[in-house]
Amino acid sequence: MKPIIQELSDLFVTAFHDAGFDGKYGDVVISQRRELCHFQCNGALSAAKVYKLNPNDIATKVISSVKPNLIISNTSIAGAGFINIVIKDEVLVEYLQFMNSDDRLGISLDLFPKKIIIDYGGPNVAKPLHVGHIRSAILGEALKRLSRFLGHDVIGDIHLGDWGLQMGMIIASLQQQSPDLPYFDESFNGEYPEESPVSITDLQEIYSNASKDAKTNIEKLSEARKATFELQDGRVGYRALWKKIVDISITDMKANYSLLDVEFDLWKGESDSHEFIPQLLNYLQINNYTYKSEGASVIDIREDQDKHELPPFMLIKSDGSILYSTTDLSTIWERIKEYDPDEIWYVVDKRQEIHFTQLFRAARKTKIASNTLHLEHIAFGTMNGLDGRPYKTRDGSVMRLNDFIQSIIDKAYNRIIEVGVAKDFSVNEKREISQMVGVSALKFADLLSHRLKDYIFDIDKFTEFEGKTGPYLLYTTVRIKSIIRKAIENEIDFTCFQVPKSFIERELMLKLMELDDVLNQAFKYKEPNQICEYIYTLSLLFNSFYHEHHILSETDNSQRESWLCLSRLTEKILVTCLDICGIRTPERM
RNA sequence: GGUUCCGUAGCUCAGUUGGAUAGAGCAACAGCCUUCUAAGCUGUGGGUCGCGCGUUCGAGUCGCGCCGGGAUCACCA
């Protein structure tokens, strides 16, 4: 069954066409003035400009051309030439009935499913996950789930930073610290120890010091560069040590990401594309795509219509080692060879915009990426502290992701105790609930703000459990679940909707019906905040409805049945949308 | 300096991609728990959409110019 808005659009596209105008003006949208109508078509106004006619005349013609149908109850012209559409309650009910009976809530699978690789997360090995990593993880996860729900074949890849200069820094500084380790003995040819020479905590400390040193000490920086080159060049001991470092980092990351319910299909990294680099370089060379500039090997990516100078795409540094741009290009090469995707999305901070512009141009110009491969940088805003600078704890260090999440979960736990509804819950259940509530607060707050906007990281914002928050959504969902549970316990059957009896009931019904539009818009613009806004409004409406109509004590059985259906459908939509946002819902809280 | 993003209620943000009377949350104030979860609901106050000009029947949304803020501009990622 087609969404009502689609049916109406079809009718008006035809009507515009039959009245002698371009059908494109027939798009119908949800009304912003609900007290006047349910839907509106503003095409007559835009058409008036092009056809140089009075919009009212166009609207009149169009309305009289609308084919007879069973959907519309009334159309009228308002204001300058708006076509206001009121639909029949029976149609609304029929559509909701369909949504409620369908596993996919009436959302059809995309007719042209795409194979999409989403590159998100992107943490660096040895560098602790901190609050700056949450946006990519949360946004990428939501986009992955949304695309998948709409029928696309999606592969989520964490794309670890495991191959750049930071690895050289760690190896060089470890070598200085413990030169006796077998990894540094070039004549060593035995088995390297099973145990990692460093713990994750050591590693993070080494990284932090090494990174400071490299910034101030030129000698250390050149040692790090040398180690990077030798690692990439295949020095056996370095490779073995590197493997250990990567492994313990991954273990630590998995724990962090699983706390956030972020799951990657692939745990690939920059290093995985390394084996493709020789063929990539060879390909670029024989086709004359590269040239030497200031000792480095680069690809020219300028285009005639450029308004400003773009730096060339760096392929090999003057010291002979490769860098992130090289691995990014060879990763495209690798992904095409291994997965042949239709699209590759990069969910990365918007500060890297120039890099991706260069990368995409380089890939196209060298014909590595064909014109049919869609490459997109899904940029998001920078996260700042209250002072407009990166978020810091009181002692000045960046807050660890794990500590941060844990503190939110603790607050959620305290809230459960404070509210006192969970007195008879086991400690375990209380813990599970506080995790879900805490994570919902964090994820909802993150997804709610438009991805392109910078945002101020305010810890209070994430520990807010009232108002427009994740916990409010969970609370509403749980409240509905409780009603449904009681109905089932009392063996009340409910399958049929009735036409709405009150304004609030109709509002709720119309909102439920918007789901299809919301999900498709969110997908089109890669904006999960649209889903958040939608389920929040839906919850507001449901809660109003809940307070106005007492469902279980309703004496008219068919009325009670209808309200239970309405509740059930609201619940399903909330759970589904929350799941798309990567948020789990408890049974009670 | 070039490029680019942002500026909406006291604070944090939406705003259906040009539509009718700009909406939420927090904060403030006044109400609602012997009926389905009060992490809730109802109501009140709060706006020069940074400023100006332009395009248009219509501009928070598009264009230009200012003012203010951020990001970025090849061997880091």
Side-chain angles (χ1 to χ4, degrees), chain A residues 29-33 36 40 42 45-46 48-49 54-55 78-82 84 122 124 127 161 164-166 211 214-215 221 225 270 293-298 307-319 321-325 327-328 348-355 358 379 381-382 384 388 412 415-416 418-419 421-422 437 445 448-450 452-456 458 460-461 464-469 471-472 474-476 478-487 514 517-518 521 525 529-530 532-533 536-537 540 543-544 546-554 567 588-589:
Chain A
V29 295
I30 291 150
S31 170
Q32 298 171 65
R33 300 279 307 268
L36 298 177
Q40 58 186 99
N42 304 330
L45 290 156
S46 1
K49 196 181 298 184
N54 183 319
F82 299 97
N84 288 351
N124 282 336
K127 201 169 169 180
L165 185 65
Q166 84 273 12
S211 140
K215 272 181 199 144
L221 180 63
R225 285 189 167 143
E270 294 173 340
S293 170
E294 297 170 34
S297 183
V298 300
K307 280 181 286 185
H308 58 280
E309 194 84 4
L310 257 180
F313 184 79
M314 179 81 46
L315 204 60
I316 302 171
K317 298 195 282 183
S318 46
D319 70 357
S321 58
I322 57 161
L323 66 166
Y324 71 113
S325 47
T327 54
D328 272 355
V348 179
D349 189 308
K350 71 179 178 190
R351 284 176 295 186
Q352 294 194 37
E353 195 188 326
I354 293 181
H355 166 64
Q358 291 179 292
T382 322
N384 298 319
R415 184 56 180 257
I416 288 177
E418 185 188 310
V419 169
V421 284
V437 170
L448 185 61
S449 64
H450 189 102
L452 278 168
K453 270 197 168 175
D454 288 349
Y455 83 29
I456 291 167
D458 178 357
D460 295 336
K461 178 167 122 186
E464 191 60 58
F465 300 138
E466 283 161 23
K468 198 172 188 176
T469 64
Y472 175 76
L474 296 192
Y475 182 78
T476 307
V478 158
R479 173 181 258 175
I480 302 172
K481 282 181 187 237
S482 170
I483 297 169
I484 302 290
R485 214 164 27 232
K486 288 207 163 78
E514 284 180 29
D517 200 45
V518 170
Q521 290 287 319
Y525 298 104
N529 69 308
Q530 295 200 27
C532 295
E533 292 286 350
Y536 175 68
T537 312
L540 279 180
N543 280 317
S544 298
Y546 170 92
H547 283 276
E548 199 167 308
H549 302 290
H550 200 274
I551 300 165
L552 289 174
S553 65
E554 171 60 40
S567 305
R588 54 180 193 168
M589 63 189 267

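A quick note: this is a predicted structure, and the numbers were derived from the prediction, not measured. First the proteins, then the strands, lettered A, B, ... as listed; each starts at 1.
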Could you tell me which non-hydrogen atom of A:S567 sits nearest to which non-hydrogen atom of A:I480, and how far apart they are? O-CG2, 3.2 Å
When you measure from the side-chain N and O atoms of A:Y475 to the phosphate of B:C41, is any distance below 4.0 Å, counting only OP1 and OP2? no
If you only use heavy atoms from C-beta on, which nucleotide in B:U12, B:C36, B:A39 is closest to the side chain of A:P471? B:A39
On a whole-Å scale, what distance lies between the C1' atoms belonging to B:C66 and B:U21? 32 Å
Under the 3.5 Å rule, do the base of B:A20 and the side chain of A:N84 count as making a donor-acceptor pair? yes
Say you pick atom C1' in B:C11 and the same atom in B:G19; how far apart are they, in whole Å? 30 Å
Is A:H547 stacked on the base of B:U42, with ring centres under 5.5 Å apart and planes under 30° apart? no
Between A:R351 and B:U4, is there a contact of a side-chain N or O with OP1 or OP2 at under 4.0 Å? no
For B:G68, give its Watson-Crick or G-U wobble partner with both distances under 3.5 Å, or none. B:C6
Taking 5.5 Å and 30° as the limits, would you call A:H450 and the base of B:C13 a stacked pair? no
Can you tell me if A:S482 touches the phosphate of B:C36, counting only side-chain N or O atoms and a distance under 4.0 Å to OP1 or OP2? no
Please determine whether a side-chain nitrogen or oxygen atom of A:S449 lies at a distance below 4.0 Å from atom OP1 or OP2 of B:U12. no
Please state the C1' separation for the pair B:A39 and B:G45 - nearest whole angstrom. 26 Å
Strictly below 4.0 Å: does A:R485 bring a side-chain N or O up to OP1 or OP2 of B:C36? no
Using the C1' atom as the reference point in each nucleotide, state the distance between B:A24 and B:C49 in Å, no decimals. 16 Å
Interatomic spacing from CG in A:N124 to CD in A:E270 - rounded to 0.5 Å: 7.0 Å
Any side-chain N or O of A:N529 below 4.0 angstrom from OP1/OP2 of B:G15? yes
What nucleic acid atoms does A:Q352 come within less than 4.0 Å of, heavy atoms only: base, sugar-phosphate, or nothing? base
A:K453 side-chain N/O to B:G7 phosphate OP1/OP2 under 4.0 Å: yes
For B:G18 and B:G60, measure between their P atoms and round to the nearest Å. 13 Å
Indicate whether OP1 or OP2 belonging to B:C41 is found under 4.0 Å from a side-chain N or O atom of A:Y472. yes
On the side chain of A:R33, is there an atom forming a donor-acceptor pair with the base of B:U21 - under 3.5 Å, no angle test? yes
Considering only B:A39, B:A38, B:G18, which nucleotide approaches the side chain of A:K49 most closely? B:G18
Under 4.0 angstrom, heavy atoms only, what part of the nucleic acid is A:G161 near: base, sugar-phosphate, or nothing? nothing
Students often get this wrong, so: under 4.0 angstrom with heavy atoms, is A:V518 touching a base, only sugar-phosphate, or nothing? nothing
Measure the distance from NE2 on A:H355 to P on B:U72 and round it to the nearest whole Å. 15 Å
Using atom C1' in both nucleotides, what's the gap between B:C41 and B:C36 to the nearest angstrom? 14 Å
Taking the P atom of each, how far is B:U34 from B:A28, in whole Å? 25 Å
On the nucleotide B:U37, are OP1 or OP2 found under 4.0 Å from the side-chain N or O atoms that A:K486 carries? yes
Between B:C6 and B:C64 - P atom distance, rounded Å: 13 Å
